[in-house]
Amino acid sequence: MRKIITGAFLTLDGVMQAPGGPTEDPTRGFEHGGWVVPHMDEALGAEIDLWFRDPYDLLLGRKTYEIFAAHWPYAEGGPDDGIAVQFNRITKFVATRSGDVDTSWKGTVVLRDAAADVAKLKQEDGPNLVTQGSGDLIQTLLAHDLIDEIHAITFPIVLGRGKRLFGGGAKPLGFRLLSHGVTPKGVTIARYARTGAVETGDYALPEPSVAERARQERMKREG
């Protein structure tokens, strides 16, 4: 079986939109594209390299696929040659509801029904499927509980608005920490694995006080 591994650059308030540059994804008037760049250093670069150390295929939403297809085929020989060579060689699965997508990037496979097609891919033999960006696709994967690991790199900034990793459609999910670290610039790096249902507990008194009973009744009335 393949795993679905979501790699995400995030702000403290969970925004993942347009980390790489101002023209990457300005939809809905987003004005802060490129917020990752000032925080890059050797430690963060080494962590990103680890994401792509093991065999993998890419699993992308249409918009992210188009960003990648307009960049990586032309990036070999440049400062990111290692990643460019990998991306250009491997299979790229692109989930799109529209037939209007240029699939000339070598190794591209189109998925028309993201949830059903990704569920089938997970059952096949092959390398893990790694998402990058692809916020809309990730919402579908979360809603259908298809993500096995989340590799989150969180930057010490708050943007207030923008596309977020966890939208309103995510199911309650439990994760456990696999590894973590912090760069000299305060970027936190954490890997999480899906565990199962959300576990809960209770710090309440064995017998609720009169004040607590009144509070609960008021909560019921207020909804």
Side-chain angles (χ1 to χ4, degrees), residues 1-21 24-25 30 32-61 64 67-68 71-72 75 78-87 90 122 127-135 137-139 141-142 145-167 170-199 201:
M1 287 183 60
R2 304 179 190 235
K3 289 182 179 179
I4 307 296
I5 300 174
T6 288
F9 295 143
L10 303 171
T11 64
L12 288 175
D13 54 338
V15 174
M16 61 180 296
Q17 185 171 351
E24 188 176 295
D25 183 7
F30 190 71
H32 300 289
W35 46 269
V36 159
V37 179
H39 301 275
M40 286 298 300
D41 58 17
E42 185 175 341
L44 182 53
E47 178 63 28
I48 293 171
D49 287 342
L50 288 176
W51 281 7
F52 306 112
R53 176 185 59 187
D54 298 325
Y56 66 95
D57 289 331
L58 284 174
L59 174 60
L60 307 171
T64 299
I67 293 168
F68 279 27
H71 177 81
W72 291 111
D80 298 316
D81 177 74
I83 295 295
V85 170
Q86 289 186 41
F87 281 5
I90 64 174
K122 286 192 67 171
N128 292 331
L129 298 167
V130 174
T131 74
Q132 293 285 284
S134 307
L137 171 62
I138 288 173
Q139 303 315 305
L141 300 179
L142 287 169
D145 197 8
L146 291 170
I147 293 176
D148 299 288
E149 294 184 14
I150 294 177
H151 297 184
I153 298 183
T154 305
F155 294 78
I157 56 172
V158 172
L159 295 182
R161 61 189 296 266
K163 299 176 183 178
R164 285 172 163 77
L165 175 61
F166 296 105
K171 287 185 175 181
L173 306 170
F175 288 85
R176 64 183 175 89
L177 184 66
L178 297 175
S179 66
H180 64 92
V182 182
T183 75
K185 293 189 176 183
V187 178
T188 62
I189 302 159
R191 295 174 55 239
Y192 301 94
R194 178 80 172 89
T195 56
V198 173
E199 298 181 2

Q | Phe9 side chain near Val187 side chain, heavy-atom distance below 4.5 Å | A | no
Q) Aromatic rings Phe52 and Tyr56: how do their planes relate, parallel, tilted or perpendicular, breaks at 30° and 60°? A) tilted
Q: Please determine which of Met16, Lys163, Arg164 meets the side chain to side chain contact (heavy atoms under 4.5 Å, CB included) test together with Ile138.
A: Met16
Q | Leu60 side chain near Gln132 side chain, heavy-atom distance below 4.5 Å | A | yes
(Q) Looking at every heavy atom in both Gly20 and Val37, which two are closest together, and how far apart are they? (A) O-CG2, 4.1 Å
**Q.** Leu142 vs Ile147 side-chain heavy atoms within contact, under 4.5 Å
**A.** yes
Q | Leu59 and Ile4, any side-chain heavy atoms less than 4.5 Å apart | A | yes
Q: Looking only at non-hydrogen atoms, find the nearest pair between Phe87 and Phe68 and report the distance.
A: CE2-CE2, 3.7 Å
**Q.** Validation row: Pro38, Lys185 side chains within 4.5 angstrom (heavy atoms)
**A.** no
Q.
Using the salt bridge (charged side-chain N to carboxylate O under 4.0 Å, His left out) definition, which of the options Arg2, Lys122, Arg191, Arg194 pairs with Asp148?
A. Lys122
Q.
Please find the pair of heavy atoms, one from Gly162 and one from Val15, that lie closest to each other, and give the distance.
A. CA-CG1, 4.1 Å
Q) Would a 4.5 Å heavy-atom cut-off, applied to side chains only, mark Trp35 and Thr11 as touching? A) yes
Q: Kindly assign one of parallel, tilted or perpendicular to the pair Phe175 and Tyr192, based on the angle between their ring planes and the thresholds 30° and 60°.
A: perpendicular
**Q.** Within-4.5 Å side-chain heavy-atom neighbours: Asp25 and Phe30
**A.** no
